Amino acid sequence: MNLESGAGLLHRLTSYVPDRDWDQRPDDPRLRHDLVQNDPATQPPQLKTYPNGLPAVALPRDFADPGVPATAVLAGATCPAQPLDAAQLGRVLFLGAGIVRTSERRGRPYLFRASGSAGARFPLEIYASTRGVAGIPDGVHWYDAAGHALIQLAPAASGAVTTLIVTGVPWRTGWRYAERGWRHLYWDAGTLLSQLHAAVASAGSAPRLRSLFPDAAVRQLVGADGIHEYPLAMLSFGDGAPAIGATGTAARGNLPPVELPLCTDAQRAGEREELGEPWPDGPRLPEVPASPSLDEVVRRRGSQRLMDRSRTLPRNLLEWPMAAAMRGIDVPHWVAVHGVDGLVPGIYRWPDLSKPLRSADLRDELLRICLDQYLAADAAYVAISAAPLSALDDRSYRDAQLAAGLVEGRLHLAAYALGASATGMTFLDSEVPALLGEPDNLAALLFTCVGVPEYASRPSGGPGAPVKIGSIVPRLG
Ligand SMILES: Cc1cc2nc3c(=O)[nH]c(=O)nc-3n(C[C@H](O)[C@H](O)[C@H](O)COP(=O)(O)O)c2cc1C
């Protein structure tokens, strides 16, 4: 990977090192130095808006839970087919991006969505290009999470099957994380897609995830300008040609006009013109432990803020969630084990748990590498995704970040389904190769902490009924 341009340059310039605070950046003119991170005066709105007058369809707020155990969905079991109608499409969108909780930050209401997001920035949008969904006109629609509604932006696209397009708004996460936020778009898209994918599968449809698509055409389809918003991935309901061929001009929404040029360049460098194959499903897992339904698990999930380091997890709460999370994924993963019954603490290269690569109590090391965040030390284990930069290019770098996010999201669901808890976690890039005993050109992608919860998250509300939450502050070193 070329570290002087595109995604490689962004990776290099946004890597965290120990002698610089996370919000201090290298003195390089390609980074924007005129923006103050976390400045309340420039905080972007959490939601996109559109001019009034576009056709809207309210999605039903009462939808049936198909009752499929979360573990069955994650294991790849075939689920009974449900009709694809407005309620079902609304259910899928809600289980990925619905507004489930609210809190207050600096005197303003703050919205939390159904899937996690680094720093709760929620920088993603979802569009549904519909084909034959009962109760919804064929067309290109934006998911209005606040209203649990679809706003039609453009006429029906060419193509056969209903397809969700996930886009990222770089400034929404860049406001806090500057150019590193571009990586977060893909992490967050992975966690969101883990839930959308599971929701589609639980309705008996075959979810088809694609990360290779004609970027310019898909930008045109959803009205994204490629600077303030760009498409990241798409998910189709079943086999068949995704409905992504624009047949008209899409209405454009309102976003703050703040550009991070390094992010624009990284995104552009990976743009391609062809439509790729869907990601592989991976083999089904033979064992399906009992769990609540997927809908129930999504409503109960939250990122655990406090984990109990005095308690361990049984080995099957590492083996099963990791196996489920890694279905069809070829990005390398390691596991740092702190407290798992029957496993010597240390670093393991998934899936080999027979013997650690290094046996050690790694709690202090993880605390340091994860910027003094105790969750990484208090967890029972920490899954770590990383890939050699030499194996990546401007496009596959995106895929690797997306895969890491997908694993994070699935691990999260599996952990909550089985009574454990989880949170995504960031890290000092420069320290990860030595932790794993790998060469320096290994790019760390994402950490996921899984452990024993110190408290239970309050289950979320349904559409239009988010639950109010207070804030629980994680321990910092
Ligand atoms: C990719 C990713 C990275 C995250 N990194 C951290 C982290 O470094 N530290 C932390 O305390 N939480 C982290 N989180 C958790 C988020 O803060 C959390 O998802 C967000 O506040 C929304 O809350 P919820 O997940 O409970 O809905 C991460 C989440 C994701 C999805």
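Just so you know, these numbers come straight off a predicted model, no measurement behind them. For ligands, and for the atoms within them, numbers begin at 1 and follow the listed sequence.
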Short list, please: which atoms of ligand 1 are under 4.0 Å from a heavy atom of [X]?
{"X": "R301", "answer": "24 (P), 25 (O), 27 (O)"}
{"X": "T423", "answer": "12 (N), 13 (C), 14 (N), 15 (C)"}
{"X": "G119", "answer": "17 (O)"}

Looking only at protein heavy atoms, which one is nearest to [atom], and what is the separation?
{"atom": "atom 26 (O) of ligand 1", "answer": "S303 N, 2.7 Å"}
{"atom": "atom 6 (C) of ligand 1", "answer": "G424 O, 3.0 Å"}
{"atom": "atom 11 (O) of ligand 1", "answer": "R305 NH1, 3.0 Å"}
{"atom": "atom 21 (O) of ligand 1", "answer": "A120 CB, 3.4 Å"}
{"atom": "atom 30 (C) of ligand 1", "answer": "A118 N, 3.5 Å"}
{"atom": "atom 8 (O) of ligand 1", "answer": "T426 N, 2.9 Å"}

Is [X] salt-bridged to [Y], cutoff N-O under 4.0 Å?
{"X": "D281", "Y": "R208", "value": "yes"}
{"X": "R30", "Y": "D28", "value": "yes"}
{"X": "R358", "Y": "E365", "value": "yes"}
{"X": "E179", "Y": "R32", "value": "no"}
{"X": "R309", "Y": "E454", "value": "no"}

List, one per line, each side-chain donor-acceptor pair under 3.5 Å for residues 62-76, sequence neighbours excluded.
from	atom 1	to	atom 2	distance (Å)
D65	OD1	G67	N	2.6
D65	OD2	S293	OG	2.7
T71	OG1	P289	O	2.6
T71	OG1	S291	OG	3.2

**Ring geometry between W22 and Y177 (parallel below 30°, tilted from 30 to 60°, perpendicular above 60°)** = tilted
**Option whose closest heavy atom lies nearest to atom 10 (C) of ligand 1, chosen from Q304, Q373, H184** = Q373
**Request:** Quick one: look at S117 and ligand 1, take heavy-atom pairs under 4.0 Å, and tell me if it's side chain, backbone, both or neither.
**Result:**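 Backbone only.
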